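Here the structure is a predicted model, which is why all the values come from computation and not from measurement.
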Amino acid sequence: MKLFLLLSAVGFCWAQYTPHTKPGRTSLVHLFEWHWADIALECEQYLAPNGFGGVQISPPNENVVINNPSRPWWERYQPVSYKLCTRSGNEDEFKDMVTRCNNVGVRIYVDAVINHMSGSGVGAGTNSTCRSYFNPGSRDFPAVPYSGWDFNDGKCKTGTGEIENYNDPYQVRDCRLVSLLDLALEKDYVRSKIAEYLNHLIDTGVAGFRIDASKHMWPGDMKAVLDKLHNLNTSWFPEGSKAFIYQEVIDLGGEPIKSSEYFGNGRVTEFKYGVKLGTVLRKWSGEKMAYLKNWGEGWGFMPSDKALVFVDNHDNQRGHGAGGASILTFWDSRLYKMGVGFMLAHPYGFTRVMSSFHWPRHFENGKDVNDWIGPPNDGGVIKRVTINPDTTCGNGWVCEHRWRQIRNMVAFRNVVDGEAFTNWWDNGSNQVAFGRGNKGFIVFNNDDWPLSVTLQTGLPAGTYCDVISGDKSGGNCAGIKIYVSSDSKANFSISNSAEDPFIAIHAESKL
Ligand code: QV4
Ligand code: CA
């Protein structure tokens, strides 16, 4: 019995489903295309003090330099080698970032591109971020090294060598995704090379991986790679800790490949989450917030303890990947803040916040023709993230994670961690509210008329500061004050034309 308890404790604490964030820190932020030096500073100056658990970084390994179009963000999804050498920095800068972030308790999660190498049509040469030679035509990547034997050309059965039909799981795993040279993950040599790369990162101190294009790899092949991984670096993690794994699988239903095939390896991205939440907040397809009462598994999502959730990601905020027009992004900032607020208040899943760069979005025939544009740069060199006097970012960086409403909801989630979903209320339309035990309460008005209602909050009596309309600092509140009476009830008024039509209070916003 004792042994069983010990084993289950080990399984619970250290398995690949656990993000290894510092206790009390419950969210990741994706600092898309940031320089490592800026991430190190952000960990120290902003993420640690504001309770962020970790950072998902862009792929750190050497990639193709694409000049036509000019340095698109997606060149980083075309690996050339596993040298830590990209526009975001070199290996020294990478190590410095991991060390400094870990030292302030902020974890680093690497976007691991291991399904493929470069596009098949890219010309041979040294046009890569570390000047390594590669020849896609002859399948030669000497800096790894990989050669023709290490790709799936023989295994793929389509005429073009490309994935032609997503209803055929063999094509999806063994053929090329948009021409990207598909690695033969059934080979122990390839598995070993990938594991060597990931172990190098683990030894440096990273806490886990987003596994890119997981749908395009057989779960068993992935498991064989994961079984080769070292435990996390004991300078920062308990002995025996396994890397946190979240796999990018887009499963919106209707295809033979299911997210559940990947649960054995780790968590999986729940793409239904952002698609549905966007549809609800936009009030499309007859959806309304009142229906969010059973949000989560009740909506056909995967089990909460397997889900990695987000409102938007680097693909679907610009029309790549899945989700289409319903996805909420910083471009629709008012609805976006509500969406991220709802996600962070709700107990379902492990949450990831998106942090973007601006680009000149331009629609032609419903498609953003500038969806390829890379991060703010000077002649290709990524621009530093500057910080304005009001704590927002400059130089073209959006920094949604620094928006007061989002930053304060990251803190809300930390405060209510482990508390039950309680005291749901709705008006049958788009005015809803819920609590998290006796620790936090949130109210939304997405209707076209004002909200004014007295609700059971579950909170102890007192005056609370709404962290959406302002910050609590010291004993003062720059936002709306909410008075909770001794029976835990409080009156809420939210104009439908408020800048942010939602109110959130929690144990630490009590005055
Ligand atoms: C094009 C054509 C091909 C053609 C080829 C000929 O599309 O049909 O064969 O030219 O040369 C870029 C271009 C793409 C180009 C390809 C190869 O956009 O037009 O092919 O390069 O040169 C990102 C981008 C892709 C980009 C890729 C590699 O989104 O546009 O392709 O990087 O640079 C599916 C998957 C899912 C995937 C999602 C986008 O199931 O796994 O699509 N999401 C992840 C990442 C995503 C990344 C990849 C996977 C690939 O989140 O950012 O794709 O690593 O749903
Ligand atoms: Ca594959």
Side-chain angles (χ1 to χ4, degrees), residues 276-295 311 326 328-346 400 403-409 411-413 415-416 421-436 438-472 476-507 509-511:
K276 293 292 182 190
L277 193 55
T279 308
V280 171
L281 287 172
R282 292 181 191 279
K283 303 182 223 175
W284 288 357
S285 310
E287 295 287 4
K288 42 184 161 179
M289 288 192 86
Y291 297 155
L292 296 173
K293 184 175 185 177
N294 65 342
W295 184 245
V311 173
S326 73
L328 294 171
T329 70
F330 69 87
W331 295 103
D332 315 287
S333 61
R334 191 168 181 262
L335 284 182
Y336 187 66
K337 286 178 276 182
M338 277 201 272
V340 176
F342 184 89
M343 172 181 83
L344 291 169
H346 195 280
E400 296 92 317
W403 295 0
R404 178 187 67 241
Q405 301 83 346
I406 292 178
R407 175 238 297 151
N408 286 349
M409 286 308 299
F412 179 109
R413 188 175 195 78
V415 172
V416 304
F421 178 77
T422 46
N423 292 310
W424 174 267
W425 167 85
D426 66 69
N427 69 343
S429 184
N430 292 289
Q431 301 182 347
V432 305
F434 63 93
R436 295 292 304 277
N438 59 2
K439 290 283 178 59
F441 196 74
I442 191 163
V443 188
F444 294 86
N445 179 12
N446 198 30
D447 271 326
D448 300 329
W449 59 88
L451 170 151
S452 182
V453 65
T454 299
L455 297 172
Q456 175 55 247
T457 67
L459 296 178
T463 303
Y464 291 80
C465 186
D466 164 34
V467 298
I468 304 304
S469 53
D471 288 315
K472 176 195 161 199
N476 297 322
C477 174
I480 297 164
K481 287 182 188 157
I482 300 293
Y483 305 95
V484 175
S485 58
S486 54
D487 59 1
S488 292
K489 288 186 175 159
N491 184 67
F492 295 90
S493 296
I494 306 176
S495 162
N496 50 306
S497 59
E499 183 188 341
D500 296 303
F502 65 116
I503 287 178
I505 56 177
H506 59 73
S509 82
K510 194 169 176 215
L511 294 169

Under the 3.5 angstrom rule, does the side chain of [X] hit a backbone N or O of [Y] as a donor-acceptor pair?
{"X": "Gln405", "Y": "Val340", "value": "no"}
{"X": "Ser488", "Y": "Leu459", "value": "yes"}
{"X": "Gln456", "Y": "Gly458", "value": "yes"}
{"X": "Lys288", "Y": "Gly428", "value": "yes"}
{"X": "Thr422", "Y": "Gly435", "value": "yes"}

Any side-chain heavy-atom pair from [X] and [Y] closer than 4.5 angstrom?
{"X": "Val467", "Y": "His506", "answer": "yes"}
{"X": "Val443", "Y": "Ile494", "answer": "yes"}
{"X": "Val280", "Y": "Met289", "answer": "yes"}
{"X": "Arg334", "Y": "Pro501", "answer": "yes"}

Would you please test Arg282 and Asp332 for salt bridge (Lys or Arg N to Asp or Glu O under 4.0 Å) and show each step?
-> CA-CA 10 Å; Arg282 292 181 191 279; Asp332 315 287; 3.1 Å; yes
Drop me the distance from [X]'s [atom1] to [Y]'s [atom2], to the nearest 0.5 angstrom.
{"X": "Ile505", "Y": "Ile442", "atom1": "CD1", "atom2": "CD1", "result": "10.0 Å"}
{"X": "Leu292", "Y": "His346", "atom1": "CG", "atom2": "NE2", "result": "7.5 Å"}
{"X": "Arg404", "Y": "Met409", "atom1": "CZ", "atom2": "CE", "result": "13.0 Å"}
{"X": "Thr454", "Y": "Lys489", "atom1": "OG1", "atom2": "NZ", "result": "8.0 Å"}
{"X": "Tyr291", "Y": "Ser429", "atom1": "OH", "atom2": "OG", "result": "9.0 Å"}
{"X": "Phe444", "Y": "Asp500", "atom1": "CZ", "atom2": "CG", "result": "11.0 Å"}

Using a strict cut-off of less than 4.0 Å between a Lys/Arg side-chain nitrogen and an Asp/Glu carboxylate oxygen, indicate whether Asp471 and Arg407 qualify as a salt bridge.
->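 Judged by the 4.0 Å cut-off on N to carboxylate O distance, Asp471 and Arg407 do form a salt bridge.
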Can we say Asp448 and Lys283 salt-bridge, meaning some charged N sits less than 4.0 Å from an Asp/Glu carboxylate O?
->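 Salt bridge between Asp448 and Lys283, a charged N being under 4.0 Å from a carboxylate O: yes.
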Ignoring hydrogens, what is the shortest heavy-atom contact between [X] and [Y]? Give both atom names and the distance.
{"X": "Ala490", "Y": "Thr457", "result": "CB-CG2, 4.0 Å"}
{"X": "Val432", "Y": "Ala290", "result": "CG1-N, 3.7 Å"}
{"X": "Ala345", "Y": "Arg436", "result": "O-NH1, 2.9 Å"}
{"X": "Gly479", "Y": "Cys465", "result": "N-SG, 4.3 Å"}
{"X": "Tyr336", "Y": "Glu400", "result": "CE2-CG, 3.9 Å"}
{"X": "Val311", "Y": "Leu328", "result": "CG1-O, 3.7 Å"}

For Asn408 and Ile468, run side-chain contact (heavy atoms from CB on, under 4.5 Å): C-alpha distance rounded to whole Å, both residues' side-chain angles, the deciding distance at 0.1 Å, then the answer.
-> CA-CA 7 Å; Asn408 286 349; Ile468 304 304; 5.6 Å; no
Between Phe441 and Phe492, does the ring centre distance come in under 6.0 Å?
->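 Yes - the distance between ring centres of Phe441 and Phe492 falls below the 6.0 Å cut-off.
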Evaluate side-chain contact (heavy atoms from CB on, under 4.5 Å) for Ser509 paired with Phe412, printing each intermediate quantity in order.
-> CA-CA 9 Å; Ser509 82; Phe412 179 109; over 6 Å; no
Option from Phe421, Trp295, Phe502 for which ring-ring contact (aromatic ring centres under 6.0 Å, His included) with Phe434 holds |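 Single pass found, and it is Phe421.
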Atom NZ of Lys472: over 12 foreign heavy atoms under 6.0 Å |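 More than 12 within 6.0 Å, yes.
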Is the count of non-hydrogen atoms from other residues, nucleotides or ligands lying under 6.0 Å from Lys510 atom NZ greater than 12?
->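 More than 12 heavy atoms, drawn from other residues, nucleotides or ligands, come within 6.0 Å of this atom.
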Any luck finding a side-chain donor-acceptor pair between Asn423 and Trp425 under 3.5 Å?
->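 Asn423 vs Trp425: no donor-acceptor pair found between side chains.
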Stepwise, does the side-chain contact (heavy atoms from CB on, under 4.5 Å) test hold for Ser333 with Trp403?
-> CA-CA 10 Å; Ser333 61; Trp403 295 0; 3.9 Å; yes
Which of these, Asn445, Asn430, Ile503, sits in a side-chain contact (heavy atoms from CB on, under 4.5 Å) with Leu451?
->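 When Asn445, Asn430, Ile503 are each tested with Leu451, the side-chain contact (heavy atoms from CB on, under 4.5 Å) holds only for Asn445.
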Would you please name every residue forming a side chain to side chain donor-acceptor pair (under 3.5 Å) with Asn427, sequence neighbours left out?
->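 Counting only residues at least two positions away or on another chain, Asn427 forms a side chain to side chain donor-acceptor pair (under 3.5 Å) with Gln431, Asp447.
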